[in-house]
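Small disclaimer: the values here were computed from a predicted structure and weren't measured. One-based numbering, in listed order, for ligands and for the atoms of each.
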Amino acid sequence: MATIEYDRLYIDGRWTSPASDDRIQVIEAATEENVGSVPAGTEGDVDAAVDAARRAFDDPEGWSNWSPARRGEVLERFAAALEARGAETARRVSVQNGMPLWLAQNFEAGFPALLLRYYSGLVAAGQEEVRAGMLGKKVLVRRDPIGVVAAIVPWNVPQAITFLKLGPALAAGNTVVLKPAPETVLDAFLMAEAAIEAGLPPGVLNVVPAGREVGAYLVAHPGVDKVSFTGSTVAGRAIAETCGRLLRPVTLELGGKSAAIVLDDADLSSTIESFFGATLLNNGQICWLGTRILAPRSRYDVVVDTITGLAQSLTVGDPLEPATKVGPLVSERQRERVESYIGKGKAEGGRVTAGGGRPQGLDRGWFVEPTIFADVDTKATIAQEEIFGPVLAVIQYSDEAEAVAIANDSDYGLGGSVWTSDPERGAAFAKKVRSGTVGVNGYVNDPYAPFGGIKSSGMGRELGPEGLQPFQLLKSIYLDEANDTA
Ligand code: NAD
């Protein structure tokens with residue numbers, strides 16, 4: 001099959017020559033074959049991209065000063081151009097990172113347009129409010145765009161995560177420099193094609209594919225006003241340090257080690273599809289997955305058997321095949337990392353009830369068997385650290401109070417789920433879990449609700465109306481108008 005090659009970068013509204021001849025090679029997760037390459041962005045390219053974004057933002061007649069409705073027309077064209085490329089976007093993501101195609105068609109093809117339209121609508125609904133002040137006069141409270149946004153995204157759900165940032169940022173009138181992860185650049189270039197077709201004005205969106213050093217350069221760039229980052233906690237801490245020094249607003253969506261708490265009245269087998277979605281989706285490579293399974297002592301064997309049966313039933317293979325439930329991991333490095341955690345789990349006394357190795361018959365590609373560890377101690381490494389692969393740790397609890405304590409015994413706090421035949425009991429339990437989001441009998445991060453983490457899982461929120469605020473500046477104008485009620 002022909003490889004996908006790009007020779008130029010999307011900067012300042014057009015394809016421009018990169019500053020260096022270096023290239024990023026993209027490898028197919030399932031075959032380890034080269035599937036394409038793009039120019040590797042450098043500091044010089046970041047300079048050009050930030051300059052273009054700065055000029056576009058500062059233009060008094062430009063994007064940031066357009067009416068929301070006018071921006072909305074362009075973003076609607078962008079949404080339509082992305083939809084027209086949806087099937088190819090899904091295919092590229094699946095090939096690059098191993099995401100099963102059916103999932104990529106849902107997350108990666110669908111979410112970008114949906115989020116552009118949602119945030120365009122929110123901004124159009126009004127960004128100004130006149131309030132009666134306490135001291136007798138009126139106050140005008142405005143929400144202005146914050147400026148040039150540096151958006152840095154990971155490889156695991158690259159397009160949906162990109163649009164958690166681009167949707168609100170662009171709708172609010174900001175300009176953006178996007179740095180995709182090197183593992184998933186081909187989908188970002190397809191997105192740039194859509195932006196060109198939609199006629200985004202020059203500089204409003206710029207894409208610089210690169211690794212962490214160039215990412216760090218972008219974060220610290222003097223022309224940047226706001227950083228929005230999704231990725232590992234290690235990188236998030238480094239970025240937060242830089243932003244702290246610069247007093248630069250930053251949103252951080254980081255790692256997780258969420259708990260899936262099975263209550264003693266749950267019938268897991270009747271919700272097994274949802275349970276799969278909440279714990280093992282995307283080959284275990286999603287930050288909010290519940291990878292610690294808390295099982296009641298009274299029904300421990302049933303829960304372990306059900307989860308073991310689930311793991312053993314999953315079809316592992318080519319992510320482009322419709323029957324595949326679990327594809328390969330994104331890279332050799334990621335598989336080494338996951339396998340080293342499986343080794344630690346065994347060394348620390350966990351009992352492997354499913355998987356634990358590489359699937360037979362799949363000699364190429366970075367596959368790992370869906371793996372279940374039972375009898376895991378809450379202090380064990382695989383119960384505390386994020387693995388980012390299809391590996392679950394089952395931990396036993398004796399009563400609800402202990403279940404809450406174990407659920408909250410984590411450095412992280414991003415997702416989580418409660419499983420029960422009584423939805424009210426589930427909601428009451430969910431309130432006790434220290435986490436930014438928790439699902440009852442499933443986990444679906446609904447775009448209308450704020451999503452994000454606490455503790456080492458990050459700072460700030462995306463999605464919902466709250467996801468717009470980090471891209472806006474509040475400004476109060478104390479009017480010379482008396483309150484009507486005064
Ligand atoms: P990573 O942190 O290594 O890389 C993520 C992105 O940040 C990449 O584009 C990378 O090039 C860039 N980057 C890395 N270090 C940087 C630095 N110091 N300065 C600027 N940019 C830098 O993470 P990864 O291994 O690619 O992704 C997996 C991690 O992302 C997991 O830990 C996962 O939990 C987390 N994640 C979190 C969320 C969320 O919403 N909370 C979503 C997806 C992934």
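In this structure, a donor-acceptor pair under 3.5 Å is present between the side chains of E348 and T381. For E385 and Y341, the side-chain atoms include at least one donor-acceptor pair closer than 3.5 Å. A donor-acceptor contact under 3.5 angstrom links the side chains of K165 and S228, judged on distance only.
The protein heavy-atom contact nearest to atom 10 (C) of ligand 1 is K179 NZ, 3.7 Å. Scanning all protein heavy atoms for the shortest distance to atom 28 (C) of ligand 1 gives F388 CE2, 3.6 Å. Scanning the protein for heavy atoms near atom 18 (N) of ligand 1, the closest one is A238 CB, 4.2 Å. In this structure, the protein non-hydrogen atom closest to atom 40 (O) of ligand 1 is E253 CB, 3.2 Å. The single protein non-hydrogen atom nearest to atom 7 (O) of ligand 1 is F229 CE1, 3.1 Å, given as residue, atom name and distance.
Smallest separation of non-hydrogen atoms from L281 and L103: CG-CD2, 3.8 Å. G256 and S457 get closest at one heavy-atom pair: CA-OG, 4.0 Å. Residues A260 and F275 come closest through the heavy atom pair CB-CE1, 4.3 Å. Closest heavy-atom contact between T371 and G356: OG1-N, 2.9 Å.
Counting atoms of ligand 1 from 1 in the listed order, those under 4.0 Å from a heavy atom of G255 are 34 (O). Atom numbering of ligand 1 starts at 1 in the shown order; those under 4.0 Å from a heavy atom of A181 are 8 (C), 9 (O). Within ligand 1, the atoms closer than 4.0 Å to a non-hydrogen atom of G215 are 19 (N), 20 (C), 21 (N), numbered from 1 in the order shown. Remark: ligand 1 atoms within the under-4.0 Å shell around heavy atoms of I161 are 42 (C), 43 (C). Interface atoms of ligand 1 facing A235, defined by a heavy-atom separation under 4.0 Å, are 2 (O), 14 (C), 15 (N), 16 (C). In summary, the atoms of ligand 1 found under 4.0 Å from a heavy atom of F451, numbered by their order in the structure, are 40 (O). Per-residue contacts place V153 under 4.0 angstrom from the following atoms of ligand 1 (heavy atoms of the residue considered): 6 (C), 8 (C), 9 (O). Counting the atoms of ligand 1 from 1 in the order shown, those under 4.0 Å from a heavy atom of I152 are 6 (C), 7 (O), 9 (O), 12 (C), 20 (C), 21 (N).
Classified by interplanar angle (parallel below 30°, tilted 30° to 60°, perpendicular above 60°), the ring pair W155/F388 is perpendicular.
For a threshold of 3.5 Å applied to N or O pairs, the pair formed by W155 and ligand 1 contains at least one separation below that value. The N/O atoms of E386, backbone and side chain alike, include one that comes under 3.5 Å of an N/O atom in ligand 1. Looking at ligand 1, you'll find an N or O of G231 within less than 3.5 Å of one of its N or O atoms. For ligand 1, the polar-atom distance check finds no N/O of L414 at less than 3.5 Å from any of the ligand's N/O atoms. Of the N or O atoms in R212, one or more lie within a sub-3.5 Å distance of an N or O in ligand 1.
Under the 4.0 angstrom criterion for non-hydrogen atoms, W288 is not in contact with ligand 1. Assignment of G211 to the shell around ligand 1 is supported, since a heavy atom sits closer than 4.0 Å.
Counting protein heavy atoms under 4.0 angstrom from atom 25 (O) of ligand 1 gives one or more.
Comparing N97, L254, N156 against atom 44 (C) of ligand 1, the shortest heavy-atom distance belongs to N156. For atom 38 (C) of ligand 1, the choice among C287, A210, A160 with the nearest heavy atom turns out to be C287. Distances from atom 23 (O) of ligand 1 to the heavy atoms of S232, S331, G436, G453 put S232 nearest.
At a threshold of 4.0 Å, the pair R23-E5 counts as salt-bridged, since one of the basic side-chain nitrogens sits closer than that to a carboxylate oxygen. For D225 and R54, the salt-bridge test passes: some basic side-chain N is under 4.0 Å from an acidic carboxylate O. Salt bridge absent: E332 and R335 never bring a charged side-chain N and a carboxylate O closer than 4.0 Å. Between E108 and R92, no side-chain nitrogen of the basic residue sits less than 4.0 Å from a carboxylate oxygen of the acidic one, so the salt-bridge criterion is not met. The pair R358-D363 does not count as a salt bridge, with every side-chain nitrogen at least 4.0 angstrom from each carboxylate oxygen.
In R117, the CZ atom is crowded: over 12 heavy atoms of neighbouring residues, nucleotides or ligands sit closer than 6.0 Å.
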